[in-house]
Amino acid sequence: MKLVFDADLRRYNSFAVAARAACLAEIGDVRELERAVSLAESRNMPLLPLGEGSNVLFVGDFPGMALLMRNRGIEFDQDRCEVRVAAGENWHELVRACLAKGLHGIENLALIPGSAGAAPVQNIGAYGVELERFFLELECFDCASGTLRTWSRAQCGFAYRASALQQVRQQPRIVCSMRLRLEREAAPVLHYPALAEEFDGSTEVTPQQLFDAVCRIRRSKLPDPALLGNAGSFFKNPVLSLAAFDELRQRFASPPGFPVEGGVKLPAGWLLDQCGFRGHVHGGAAVHDRHAVVLVNKNRASGRELLDLARKMQARTLAEFGIALEPEVRIIGAEQP
Ligand code: EPU
């Protein structure tokens, strides 16, 4: 286990904002995790599982222990079409490895930044597929009881960008590994508009072609965090009632929307684009010029500047459309806006 006190977190958050943690622990295995958690407990430090820091905005310093799971390993069970992955593996590399082994289904989730262990925490999703579809179970360390637990899909309580793992922030459950069941016979999910367009409506698509297309689409719209600090979509896509969506239709010719239980899911990016936010600059922070739901660290932005920009965006969409946007990104050091 590697411990650093008063650690600089700039390299450990994809917004690349300056922040410090009272302690940063790099964890190699479950034993080390147990030791780190009891050390934090003995010093009364809150815990923050950080993964690759791709879904977090630091507005202030973190007064506790940030945990980086560095355990590695991807094991395949070809007979059962299963894969077990350690939390510290990179998610995209897992997608690539599964593709190479002829196990399919998660190609739509290619290039999502972050670690494999973080994937179930917010039930990552893209281009018509969510992780829960292939999820079997995970092993997590329950900091409240100090024990290792196995959680089934039902226990994880997956929803849109959400899971039961997010519920106890003070004494978190820290994902150690996860098992997925994939498909040998590829059944590509191609209904998402950007993909249907990419393949011109054709369904004769190989998993490799799907993987490549998802990577291409993402690269064309979303900034690479290694080059421009960001955390992907900053807000969740809101769900509107049918009546509210109809009202929007009176104002705009064809607003994009996806039918879901309870209404229509509207892309927050589209809403923010209508408000003129694309490319908007606020100090060192800005809205990406190719996607209005992506906030970027354009020029040494502070977490506060990024948060102020997010609040401005929320106020505008509320005033213009009566829609309250909810952050997808976890905010540390300030009230969730
Ligand atoms: N749009 C605009 N203007 C913009 C941005 C988008 O008009 O500035 C329109 C697009 O033209 C399109 C629609 O909004 O018609 C949807 O845009 P996009 O396909 O980029 O998807 P999204 O709804 O903005 C969601 C996820 C992404 C995921 C994509 C693809 C959320 C919060 N975001 O974005 O996930 O990659 O769908 O499935 O659900 C993330 O979670 O960090 C993330 C990037």
Side-chain angles (χ1 to χ4, degrees), residues 13-15 51-57 91-92 95 106-115 118-133 158-163 166 188-198 210-211 213-225 228-240 245 248 251-260 264-280 286-296 310 313-314 316-317 321 323-331:
N13 72 96
S14 65
F15 266 123
E52 293 182 15
S54 56
N55 202 47
V56 67
L57 174 63
W91 170 260
H92 178 67
V95 176
I106 51 174
E107 290 82 2
N108 299 53
L109 307 182
L111 226 54
I112 293 183
S115 65
V121 177
Q122 59 156 192
N123 185 22
I124 57 169
Y127 305 101
V129 172
E130 286 183 324
L131 177 78
E132 64 171 305
R133 181 169 176 153
F158 293 123
Y160 167 56
R161 293 293 192 281
S163 79
Q166 296 165 324
V189 174
L190 302 169
H191 62 76
Y192 195 85
L195 278 179
E197 203 177 297
E198 186 80 8
L210 176 55
F211 174 89
V214 168
C215 293
R216 215 163 33 237
I217 296 168
R218 287 190 76 99
R219 288 195 175 110
S220 72
K221 289 190 187 182
L222 300 168
D224 178 350
L228 183 62
N230 77 91
S233 297
F234 194 89
F235 299 104
K236 291 185 191 176
N237 287 341
V239 174
L240 270 57
F245 189 68
L248 211 58
R251 273 174 78 180
F252 299 92
S254 47
F258 304 90
V260 291
V264 180
K265 197 188 273 179
L266 186 75
W270 179 85
L271 262 185
L272 292 161
D273 209 2
Q274 304 313 306
C275 296
F277 272 115
R278 205 168 347 153
H280 181 84
V287 179
H288 189 43
D289 48 15
R290 272 178 276 161
H291 209 303
V293 79
V294 180
L295 272 66
V296 298
M313 294 161 89
Q314 283 176 308
R316 233 346 233 299
T317 41
F321 296 97
I323 297 173
L325 292 181
E326 197 189 321
E328 190 205 300
V329 168
R330 182 169 175 197
I331 292 158

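All of these numbers come straight from a predicted model, not from anything done at the bench. All ligand and atom numbering here is 1-based and tracks the order in the structure.
Residue-to-ligand polar distances place Tyr127 within reach of ligand 1: an N/O pair is separated by less than 3.5 Å. For a threshold of 3.5 Å applied to N or O pairs, the pair formed by Ala292 and ligand 1 contains at least one separation below that value. Residue Arg161 places at least one N or O, backbone or side chain, under 3.5 Å from an N or O of ligand 1.
The closest protein non-hydrogen atom to atom 7 (O) of ligand 1 is Trp270 CD1, 3.3 Å. Nearest non-hydrogen protein atom to atom 36 (O) of ligand 1 is Arg218 NH1, 3.4 Å. At the top of the distance list for atom 20 (O) of ligand 1, counting protein heavy atoms only, stands His291 NE2, 2.7 Å. The nearest protein atom to atom 15 (O) of ligand 1, hydrogens excluded, is given as Pro256 CB, 3.9 Å; this is a heavy-atom distance. Residue, atom and distance of the protein heavy atom nearest to atom 39 (O) of ligand 1 are Tyr160 OH, 2.7 Å. Summary of contacts: the protein heavy atom closest to atom 33 (N) of ligand 1 is Ser233 OG, 3.0 Å. Of all protein heavy atoms, the one lying nearest to atom 13 (C) of ligand 1 is Pro267 CG, 3.5 Å. Nearest protein heavy-atom contact of atom 3 (N) of ligand 1 is Asp273 OD2, 2.8 Å.
Less than 4.0 angstrom separates atom 42 (O) of ligand 1 from at least one non-hydrogen atom of the protein. Counting protein heavy atoms under 4.0 angstrom from atom 10 (C) of ligand 1 gives zero.
Below 30°, between 30° and 60°, or above 60°: for His92 and Phe211 the angle between ring planes is below 30°, a parallel geometry. Using cut-offs of 30° and 60° on the angle between ring planes, the pair Phe258 and Tyr192 is parallel.
Atoms CG and CG, from Leu248 and Leu266 in turn, are 6.0 Å apart once rounded to the nearest 0.5 Å. Separation of atoms CG (Leu271) and CE (Met313) is listed at 10.5 Å; rounding is to 0.5 Å.
Taking 4.0 Å as the cut-off, Phe277 does not count as a neighbour of ligand 1 on heavy-atom distance.
At a 4.0 Å heavy-atom cut-off, ligand 1 touches Phe235 through the backbone alone.
Side-chain N or O atoms of Arg290 include one that pairs as donor or acceptor with a backbone N or O of Ser220 at under 3.5 Å. In this structure, His288 contributes its side chain and Lys221 its backbone to a donor-acceptor pair below 3.5 Å.
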**Asn108 and Leu195: CA distance, side-chain angles, deciding distance, side chain to side chain contact (heavy atoms under 4.5 Å, CB included) verdict** = CA-CA 9 Å; Asn108 299 53; Leu195 278 179; 3.7 Å; yes
**Request:** Could you walk me through whether Leu272 and Arg278 pass the side chain to side chain contact (heavy atoms under 4.5 Å, CB included) test, one step at a time?
**Result:** CA-CA 7 Å; Leu272 292 161; Arg278 205 168 347 153; over 6 Å; no
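In this structure the side chain of Phe234 never reaches within 4.5 angstrom of the side chain of Leu325, judged on heavy atoms.
Test Lys236, Arg161, Glu328 against Gln122 for side chain to side chain donor-acceptor pair (under 3.5 Å) and you get one pass: Glu328.
Pairing each heavy atom of Phe245 with each of Pro255, the nearest pair is CZ-O, 3.6 Å.
With ligand atoms numbered from 1 in the order given, ligand 1 contributes 42 (O) to contacts under 4.0 Å with heavy atoms of Gly232. Using a 4.0 Å cut-off to heavy atoms of Lys221, the atoms of ligand 1 that qualify are 18 (P), 19 (O), 20 (O).
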